[in-house]
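To start, the structure under review is shown below, and the notes come after it.
In what follows, every heavy atom counts, from backbone to side chain, and hydrogens, waters and symmetry copies are set aside.
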Amino acid sequence: MGNLCFLINLSVFTVLDVWTPMNYQLANTIGWLLATTFAFLTNKMWVFATHADNFKELFHEMWSFYFFRAVTLLMDIVILFVGITLFKGNDIIVKLIDQCITNVANYFFSRWYIFKTVK
């Protein structure tokens with residue numbers, strides 16, 4: 001599922017960045033939002049297979065998931081800014097490097113902080 005999330009984020013970013021006049025940071029944020037929503041649903045149902053007993057538990061998982069993903073979105077924004085704006089790197093190559101770094105952080109946040117009730 002992580003690979004599919006990676007592909008969603010990278011694909012949306014690439015299409016918006018290359019084929020539209022959209023700023024790369026906005027394209028990145030839209031890709032992040034779609035990929036994060038996909039990731040929450042798939043991680044909850046299949047990867048970590050957690051079950052919330054009530055709305056409060058579900059809300060807590062969702063809030064925690066989006067919070068920690070927002071932390072890595074900030075990492076994402078900084079990495080892209082440094083790589084693309086400051087170092088004039090290729091947008092897609094910088095995004096690929098960025099995704100490798102943020103996906104590792106996302107996995108650990110999900111595994112150790114959000115979906116702790118893995119059986």
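Here the CE atom belonging to Met22 is positioned 10.0 Å from the OG1 atom belonging to Thr29, to the nearest 0.5 angstrom. Note that OG1 of Thr37 and CG of Leu41 are 7.0 Å apart. Values are rounded to the nearest 0.5 Å. From Asn9, atom CG reaches atom CD of Gln99 across 4.0 Å, with rounding to the nearest 0.5 Å. Taking CG of Asp91 as the reference point, atom OG1 of Thr85 lies at 8.5 Å (rounded to 0.5 Å). Distance check: Leu16 CG to Ser11 OG gives 10.5 Å after rounding to the nearest 0.5 Å. With rounding to the nearest 0.5 angstrom, the CD1 atom of Ile77 is 4.0 Å from the CG atom of Leu73.
Val71 and Val82 sit in two unconnected hydrophobic clusters of ILVMFWY residues. Membership requires side-chain heavy atoms under 4.5 Å apart, directly or through other members. Leu80 and Val104 fall into different hydrophobic clusters, where Ile, Leu, Val, Met, Phe, Trp and Tyr residues are linked whenever their side-chain heavy atoms come under 4.5 Å apart, directly or through other members. Two different hydrophobic clusters hold Met75 and Phe108 under the rule that ILVMFWY side chains link at heavy-atom gaps under 4.5 Å. Tracing side-chain contacts under 4.5 Å through hydrophobic residues (I, L, V, M, F, W, Y), one reaches Trp19 starting from Tyr24; they form part of the same cluster. Leu33 is not connected to Leu10 by any chain of hydrophobic side-chain contacts under 4.5 Å among Ile, Leu, Val, Met, Phe, Trp and Tyr, and they are in different clusters.
Aromatic ring pairs are classed by plane angle as parallel below 30°, tilted from 30° to 60° and perpendicular above 60°; the pair Tyr66 and Trp32 is perpendicular.
For Cys5 against Ala35, the heavy-atom pair with the smallest separation is SG-O, 3.3 Å.
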Determine whether Phe81 and Leu86 satisfy the following criterion, side chain to side chain contact (heavy atoms under 4.5 Å, CB included), listing intermediate values before the conclusion. CA-CA 7 Å; Phe81 176 77; Leu86 297 182; 3.7 Å; yes

Can you list the steps and then say if Leu4 with Thr42 is a side chain to side chain contact (heavy atoms under 4.5 Å, CB included)? CA-CA 10 Å; Leu4 288 175; Thr42 57; over 6 Å; no

Going through the distances and angles, do Leu74 and Val78 end up as a side chain to side chain contact (heavy atoms under 4.5 Å, CB included)? CA-CA 6 Å; Leu74 293 176; Val78 170; 5.7 Å; no

Stepwise side chain to side chain contact (heavy atoms under 4.5 Å, CB included) test for Leu96 and Phe6: CA-CA 9 Å; Leu96 280 168; Phe6 176 91; 3.7 Å; yes

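Under the side chain to side chain contact (heavy atoms under 4.5 Å, CB included) test applied with Ile84, the options Ile92, Val94, Asp98, Asn28 reduce to a single match, Val94.
Lys95 has its side chain out of reach of Thr14: every pair of non-hydrogen atoms, C-beta onward, lies at least 4.5 Å apart. Looking only at side-chain heavy atoms (C-beta outward), Asn106 and Phe68 stay at 4.5 Å or farther from each other. Side-chain atoms of Asn3 and Leu7, non-hydrogen and from C-beta on, never get closer than 4.5 Å to each other.
A donor-acceptor pair under 3.5 Å is absent between the side-chain atoms of Asp17 and the main chain of Phe13, judged by distance alone. Listed for the Thr72 side chain is a donor-acceptor partner under 3.5 Å among the backbone atoms of Arg69.
With sequence neighbours excluded, no residue satisfies ring pair (Phe, Tyr, Trp, His ring centres under 6.0 Å) with Phe38.
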